Amino acid sequence: MTDVADTSGNRLSRAKPGQTTIWDVAQAAGVSIATVSRAFSRPGKVSAATLRRVHDAAERLGYRTETITHRSREDDELRGLISIVVTDLENPISAQYARGVQQYCMEKNYGLMVNDTEEDPSAELAIIKRSLNHVDGVILDSTRMPDTAIRKLAQIKPVVVLNRVVSGVTSVTFDCAPSLRTAIGVFAKLGHRSISYLCGPDNSWQNGVRRNTILTTCQRLGLTCRLLPCAYPLEGNAAAAFAAFMERPTTAVIAFNDAIAVEFIRFLESHGVGVPQQISVMGIDDIPMGRAITPALSTISFPRRDMGHAAAKIVIDRLLHIAPNGEHGGDGGNGGDVVPLHFESSFVQRDSIAAINPLIAAGIG
């Protein structure tokens, strides 16, 4: 019988035919190989429920490991600090997520490290790597990292993804699709037959969900849908996207977020186009600025602080073994089926959308 070392430094007995392997234990326990490894090498990093499941499966199957490396007690101890990585702290959405996370951290006497990628996807992984040794868990807000990188991170630390769904990793998000369908239905009832979507970044998961929902809903209702270039971040992107709209305008516009919608309304007004008299505009997010402008912005609202609070609860409760890992999405990085925690959204109709003027619509499309 030969030996092979796993990623945690354990020598795993490679079985002869008929003998039990780590793969057998992982399958029997319903977790990943990495989780089985952690259960034996670093049990403090695995929930009590998962630990029992792995040990029961190992005992039942007769599986054994021989530890050949030693980790210091200091390395196994919790730091009492988690990290949230946000895309842009100047964006009210990121700030409110962080507030919700901070609230639960304070309840549990946990510290919070806030890292801002400033909408630079290339900096995100480097920021995470620098902080990883100092924190017990990580919350990723609207991360642009590939799914594979996120799953790998979740094998090292407890991870929760905010505002995106990643297979095999615990995710907390909101379902904007029903609200978007409601909004498009309102546009149709107001006489609009053409809608433009001002897109968000191509690597944004939410952008994909919103684009697909808008396209399929417009098709179902018999409306024309036009996709415009990415307009976010606004600096460097908005001008080209807005100019593309003016080349072939529609009577209604849905923006990837409120920030784009507000800037677009200002752009239209600067070009002598009235909102909503000529063009109806809505955003997504329900930020304070959208309520303050004239006309007040129609939008989709969702509970950001509650989502941040929920994400922090999942991470910290997992670390403190307050609740089993399976409470909201399971093992976190085990590669199996993980059910996202979805929050509801709602369509908020305000003054920025109205029934079309047939004379104006005839010249727009």
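In this text, all values refer to a predicted model and were calculated from it rather than measured experimentally.
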Enquirer: Can you list every pair that meets side-chain hydrogen bond (donor to acceptor under 3.5 Å, both in side chains) and has a residue in residues 254-270, with sequence neighbours left out?
Expert: Asp258-Thr299
Enquirer: Any side-chain heavy-atom pair from Val253 and Ile195 closer than 4.5 angstrom?
Expert: no
Enquirer: Do side-chain atoms of Arg226 reach the backbone of Arg248 as a donor and acceptor pair under 3.5 angstrom?
Expert: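 Side chain of Arg226 to backbone of Arg248, a donor-acceptor pair under 3.5 Å: yes, one is there.
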Enquirer: For residues Val166 and Trp205, determine if any side-chain heavy atom of one lies less than 4.5 Å from a side-chain heavy atom of the other.
Expert: no
Enquirer: Looking at Lys313 and Asp317, does any basic side-chain N land under 4.0 Å from a carboxylate oxygen?
Expert: yes
Enquirer: When rounded to the nearest 0.5 angstrom, what is the spacing between CG in Leu297 and CE in Met282?
Expert: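 It is 8.0 Å, given to the nearest 0.5 Å.
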Enquirer: Mark yes or no for whether Ser298, through its side chain, and Arg350, through its backbone, hold a donor-acceptor pair below 3.5 Å.
Expert: yes
Enquirer: Compare every heavy atom of Ala310 with every heavy atom of Leu341, then report the nearest pair and how far apart it is.
Expert: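 Closest approach of Leu341 to Ala310, heavy atoms only: CD2-CB, 3.9 Å.
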Enquirer: Kindly check if the number of other-residue, nucleotide or ligand heavy atoms within 6.0 Å of CE (Met113) is above 12?
Expert: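 Yes, enclosed.
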Enquirer: Do the side chain of Ser352 and the main chain of Pro295 share a donor and acceptor less than 3.5 angstrom apart?
Expert: no
Enquirer: What distance separates Ile260 CD1 from Ile254 CD1, expressed to the nearest 0.5 Å?
Expert: 12.5 Å
Enquirer: Any non-hydrogen side-chain atom of Phe187 less than 4.5 Å from a side-chain atom of Thr251?
Expert: no
Enquirer: Give a yes or no answer on whether the side chain of Ser345 reaches the backbone of Asp175 with a donor-acceptor pair at less than 3.5 Å.
Expert: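 Checked: pair present.
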Enquirer: Cluster question for you: counting only ILVMFWY and a side-chain heavy-atom cut-off of under 4.5 Å, with indirect links fine, are Tyr197 and Val209 together?
Expert: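 Hydrophobic grouping puts Tyr197 apart from Val209.
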Enquirer: Determine the minimum heavy-atom distance between Leu215 and Cys225, stating which atoms define it.
Expert: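 Of all heavy-atom pairs spanning Leu215 and Cys225, the closest is CD2-SG, 3.7 Å.
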Enquirer: Answer yes when Arg291 and Asp286 have at least one side-chain N-carboxylate O distance shorter than 4.0 Å, and no when they do not.
Expert: yes
Enquirer: Please check if the number of heavy atoms outside Gln349 that lie under 6.0 Å from its CD is greater than 12.
Expert: yes
Enquirer: Does Ser179 reach the main-chain N or O of Ser346 with its side chain, forming a donor-acceptor pair under 3.5 Å?
Expert: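 Pair found, side chain donor or acceptor close to backbone of Ser346.
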Enquirer: Please assess Asn207 against Tyr232 for the test side-chain hydrogen bond (donor to acceptor under 3.5 Å, both in side chains), listing each intermediate value before the final yes or no.
Expert: CA-CA 11 Å; Asn207 180 62; Tyr232 194 81; over 6 Å; no
Enquirer: Between Arg79 and Asp136, is there a donor-acceptor pair closer than 3.5 Å when you use the side chain of the first and the backbone of the second?
Expert: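 Answer holds: no.
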Enquirer: Report yes or no: do Ile293 and Ile353 belong to one cluster of Ile/Leu/Val/Met/Phe/Trp/Tyr joined by side chain heavy-atom distances under 4.5 Å?
Expert: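 Both belong to a single hydrophobic cluster.
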Enquirer: At what distance, to the nearest 0.5 angstrom, does CG of Leu140 lie from OG of Ser83?
Expert: 8.0 Å
Enquirer: Taking Tyr104 as the starting point, is it possible to reach Met106 by hopping between hydrophobic residues whose side chains are less than 4.5 Å apart?
Expert: no
Enquirer: Decide side-chain hydrogen bond (donor to acceptor under 3.5 Å, both in side chains) for Thr170 and Arg318; before the verdict, give the C-alpha distance in whole Å, the side-chain angles of both, and the deciding distance to 0.1 Å.
Expert: CA-CA 11 Å; Thr170 306; Arg318 183 180 300 167; 3.1 Å; yes
Enquirer: Which atoms form the tightest heavy-atom contact between Arg151 and Ser167, and what is the distance?
Expert: NH1-O, 2.9 Å
Enquirer: Distance from Thr143 atom OG1 to Leu162 atom CG, nearest 0.5 Å?
Expert: 11.0 Å
Enquirer: With rounding to the nearest 0.5 angstrom, report the NE2 to CE distance, His342 to Met307.
Expert: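 With rounding to 0.5 Å, NE2 (His342) is 10.0 Å from CE (Met307).
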Enquirer: Taking Gly200's backbone N and O only, do any of them form a donor-acceptor pair with Ser204's side chain (distance below 3.5 Å, no angle check)?
Expert: no
Enquirer: Would a distance-only check, ignoring hydrogens and angles, find a side-chain to backbone donor-acceptor pair under 3.5 Å from Gln278 to Gly274?
Expert: yes
Enquirer: Quick check on side chain to side chain donor-acceptor pair (under 3.5 Å): which of Asn163, Asp88, Thr173 does Ser142 satisfy it with?
Expert: Asn163
Enquirer: Could you walk me through whether Ile284 and Leu180 pass side-chain contact (heavy atoms from CB on, under 4.5 Å), step by step?
Expert: CA-CA 9 Å; Ile284 299 172; Leu180 272 173; 4.1 Å; yes
Enquirer: Got a second to check how far Leu89's CG is from Ser94's OG, nearest 0.5 Å?
Expert: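 Going from the CG atom of Leu89 to the OG atom of Ser94 covers 6.5 Å.
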Enquirer: Can you find a pair of side-chain heavy atoms, one from Ser280 and one from Val275, that are under 4.5 Å apart?
Expert: no
Enquirer: Is the side chain of Arg304 donor-acceptor paired with the backbone N or O of Asp285 at a distance under 3.5 Å, no angle test?
Expert: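 Yes, because the side chain of Arg304 sits within donor-acceptor range (under 3.5 Å) of the backbone of Asp285.
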Enquirer: May I ask you to test the Asp141-Val85 pair for a side-chain heavy-atom distance under 4.5 Å?
Expert: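 When only atoms from C-beta onward are counted, Val85 and Asp141 do not touch, as no gap falls below 4.5 Å.
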Enquirer: Within a strict 4.5 Å, meaning less than it, do heavy atoms of the Thr213 and Arg181 side chains meet?
Expert: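 In contact.
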Enquirer: Give the minimum heavy-atom separation between Ala28 and Arg60, together with the two atoms involved.
Expert: CB-NH2, 3.9 Å
Enquirer: Are Arg164 and Ile150 close enough that some pair of their side-chain heavy atoms sits under 4.5 Å apart?
Expert: yes
Enquirer: Flag this pair as yes if the NZ/CZ of Arg210 is under 6.0 angstrom from the six-membered ring centre of Phe256 and inside a 45 degree cone about the axis; otherwise no.
Expert: yes
Enquirer: Checking Phe174 against Phe302 for the ring pair (Phe, Tyr, Trp, His ring centres under 6.0 Å) test, could you report, in this order, the C-alpha distance in whole Å, the side-chain angles of both residues, the deciding distance, and whether it holds?
Expert: CA-CA 7 Å; Phe174 72 99; Phe302 58 97; 3.6 Å; yes
Enquirer: Could you walk me through whether Thr117 and Val86 pass the side-chain contact (heavy atoms from CB on, under 4.5 Å) check?
Expert: CA-CA 6 Å; Thr117 67; Val86 301; over 6 Å; no
Enquirer: State whether a side-chain donor-acceptor pair under 3.5 Å links Tyr97 with Asn91.
Expert: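 Result is no, nothing qualifies.
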Enquirer: Taking Ser131 for its side chain and Ile128 for its backbone only, find out whether a donor-acceptor pair lies under 3.5 Å.
Expert: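 Yes: the side chain of Ser131 pairs with the backbone of Ile128.
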Enquirer: Apply the test side-chain contact (heavy atoms from CB on, under 4.5 Å) to residues Val348 and Ile300: give CA-CA distance (whole Å), side-chain angles for both, the deciding distance (0.1 Å), then the verdict.
Expert: CA-CA 6 Å; Val348 182; Ile300 290 175; over 6 Å; no
Enquirer: Following the transitive rule for hydrophobic clusters with a side-chain heavy-atom cut-off under 4.5 Å over Ile, Leu, Val, Met, Phe, Trp and Tyr, establish whether Leu190 and Ile265 coincide in one cluster.
Expert: yes
Enquirer: Could you report the tightest heavy-atom contact between Leu234 and Ala259, atom names first, then the distance?
Expert: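 Distance-wise, the nearest heavy atoms are CD1-O, 3.8 Å.
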Enquirer: Would you say the side chain of Phe264 lies within less than 4.5 Å of the side chain of Phe245, judging by non-hydrogen atoms?
Expert: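 Yes; the side chains approach each other to less than 4.5 Å.
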Enquirer: Answer yes if Val114 and Ile316 sit in the same cluster of Ile, Leu, Val, Met, Phe, Trp and Tyr residues linked by side chain heavy atoms under 4.5 Å apart, and no otherwise.
Expert: yes
Enquirer: Considering all heavy atoms of both residues, which atom of Leu198 and which atom of Ala241 are nearest to each other, and what is their separation?
Expert: CD2-CB, 4.0 Å
Enquirer: Please step through side-chain contact (heavy atoms from CB on, under 4.5 Å) for the pair Ile82 and Val138, ending with a clear verdict.
Expert: CA-CA 6 Å; Ile82 66 171; Val138 181; over 6 Å; no
Enquirer: Taking CD in Glu107 as the centre, count heavy atoms belonging to other residues, nucleotides or ligands within less than 6.0 Å. Is the count above 12?
Expert: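 More than 12 within 6.0 Å, yes.
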Enquirer: Quick one: do Glu119 and Arg144 make a salt bridge, cutoff under 4.0 Å?
Expert: yes
